[in-house]
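The figures here come from the full heavy-atom set of this structure, side chains too, leaving out hydrogens, waters and symmetry mates. This chain uses plain numbering: 1 for the first residue, then up along the sequence. Since the structure is predicted, the reported quantities are computational estimates derived from the model, not experimental observations.
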Amino acid sequence: QVQLVESGGGLVQAGGSLRLSCVASGRTLSNYNMGWFRQAPGKEREFVAAISWSGSYTFYGDSVKGRFSISSDNAQNTVYLKMDSLKPEDTAVYYCAASGGWWDAPSMKDPRRYSDWGQGTQVTVSS
């Protein structure tokens, strides 16, 4: 089991940027594919982005493609989500999650692929 702790959320104006961090402990991050999801009040959890265990492959949800970027630093056991051109509809609690096993981009959108989750960090974008 890997423990995940997110940070970096906050309040930002539309058009601004934030960088979220997810620090893993208990296991080395290089054993896992990693994902970011988000959940707004009254809505289902939504896939945001994923990165393969090697860092070689990334995959993004349609609503964030071209604006968000996922990266990893295995030496620091940390995954990042850089968010640019933020919109009010990006307001949500953002969660990172770890997935063992194979990398398959389309299936990384499924929350059931992930075995370990962080507690989430709030991102609020004002108009």
Side-chain angles (χ1 to χ4, degrees):
Q1 189 175 7
V2 58
Q3 290 77 44
L4 303 170
V5 178
E6 303 97 333
S7 62
L11 174 64
V12 63
Q13 287 189 329
S17 298
L18 281 175
R19 189 179 78 158
L20 306 183
S21 300
C22 173
V23 179
S25 61
R27 296 283 178 90
T28 178
L29 209 57
S30 60
N31 291 333
Y32 295 90
N33 304 307
M34 298 296 294
W36 285 95
F37 288 77
R38 66 187 183 186
Q39 189 164 20
K43 295 190 176 181
E44 292 188 354
R45 190 163 294 193
E46 178 189 10
F47 170 76
V48 175
I51 188 166
S52 65
W53 63 270
S54 65
S56 299
Y57 302 102
T58 58
F59 185 60
Y60 295 92
D62 290 341
S63 62
V64 306
K65 204 173 295 183
R67 300 188 297 122
F68 290 13
S69 177
I70 188 171
S71 61
S72 61
D73 183 341
N74 286 346
Q76 298 295 323
N77 242 23
T78 302
V79 176
Y80 303 97
L81 184 69
K82 180 72 187 321
M83 306 184 295
D84 296 317
S85 304
L86 282 161
K87 305 174 182 179
E89 51 264 44
D90 294 318
T91 295
V93 177
Y94 283 71
Y95 300 89
C96 72
S99 171
W102 72 98
W103 169 261
D104 172 62
S107 72
M108 302 313 296
K109 298 174 67 173
D110 187 346
R112 295 172 296 180
R113 281 291 314 269
Y114 299 83
S115 55
D116 300 282
W117 293 79
Q119 84 291 345
T121 185
Q122 176 71 46
V123 171
T124 302
V125 184
S126 64
S127 56

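Linking Ile, Leu, Val, Met, Phe, Trp and Tyr residues whenever their side-chain heavy atoms come within less than 4.5 Å places V125 and F68 in a single cluster. Note: the hydrophobic cluster containing W103 also contains F47 (ILVMFWY, side chain heavy atoms under 4.5 Å, direct or indirect links). Under a hydrophobic clustering in which Ile, Leu, Val, Met, Phe, Trp and Tyr are joined whenever their side-chain heavy atoms come within less than 4.5 Å, directly or via other members, Y80 and Y95 fall into different clusters. Grouping the Ile, Leu, Val, Met, Phe, Trp and Tyr side chains by contacts below 4.5 angstrom, directly or via other members, places W53 apart from F59.
Contact check for E46 versus S63: side-chain heavy atoms found under the 4.5 Å cut-off. Within the 4.5 Å cutoff, the side chain of Q3 has no heavy atoms near those of the D116 side chain. Taking the side chain as every heavy atom from C-beta outward, E6 and L20 never approach each other to under 4.5 Å. Counting heavy atoms from C-beta on, the side chains of S17 and D84 come closer than 4.5 Å. Inter-residue side-chain proximity for Y60 and S69 is flagged as met; some heavy-atom pair is nearer than 4.5 Å. A 4.5 Å side-chain heavy-atom check between V64 and R38 finds at least one atom pair inside the cut-off. Side-chain atoms of V79 and I70, non-hydrogen and from C-beta on, do get closer than 4.5 Å to each other. With contacts defined as side-chain heavy-atom distances shorter than 4.5 Å, the pair N77/R27 does not qualify.
Side-chain atoms of N31 do not come within 3.5 Å of backbone N or O of G100 as any donor-acceptor pair. The backbone N or O of M108 lies less than 3.5 Å from a partner atom in the side chain of Y114, making a donor-acceptor pair.
Scanning all heavy atoms of the two residues, the minimum distance from L4 to A97 falls at CD1-CA, 3.7 Å. V93 and G120 make their closest contact through CG1-CA, 3.8 Å (heavy atoms, listed as atom of the first residue, atom of the second, distance). Listed here is the closest heavy atom pair of S126 and L11: CB-CD1, 4.3 Å. Residue A14 comes nearest to P88 through the heavy atom pair CB-CD, 4.1 Å, listed as atom of the first residue, atom of the second, then distance. The two residues S21 and T78 make their nearest non-hydrogen contact at CB-CG2, 4.3 Å. What you find for S52 and N33 is that their closest heavy atoms are CA-OD1, 3.3 Å.
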Could you go through the side-chain contact (heavy atoms from CB on, under 4.5 Å) check for D104 and R113 one step at a time? CA-CA 10 Å; D104 172 62; R113 281 291 314 269; 4.3 Å; yes
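How far CE of M34 is from CG of N74: 10.0 Å, rounded to the nearest 0.5 Å. Taking OH from Y94 and CE from M83, the interatomic distance works out to 5.5 Å, rounded to the nearest 0.5 Å. With rounding to the nearest 0.5 angstrom, the CG atom of L29 is 7.0 Å from the SG atom of C22. Between the CZ atom of R19 and the OG atom of S7 there is a distance of 9.0 Å, given to the nearest 0.5 Å.
Checked against the 6.0 Å centroid threshold, W117 and F37 count as a close aromatic pair.
In the displayed structure, K43 atom NZ is contacted under 6.0 Å by at most 12 heavy atoms of other residues, nucleotides or ligands.
K87 and D90 are not joined by a salt bridge, as no carboxylate oxygen comes within less than 4.0 angstrom of a charged side-chain nitrogen.
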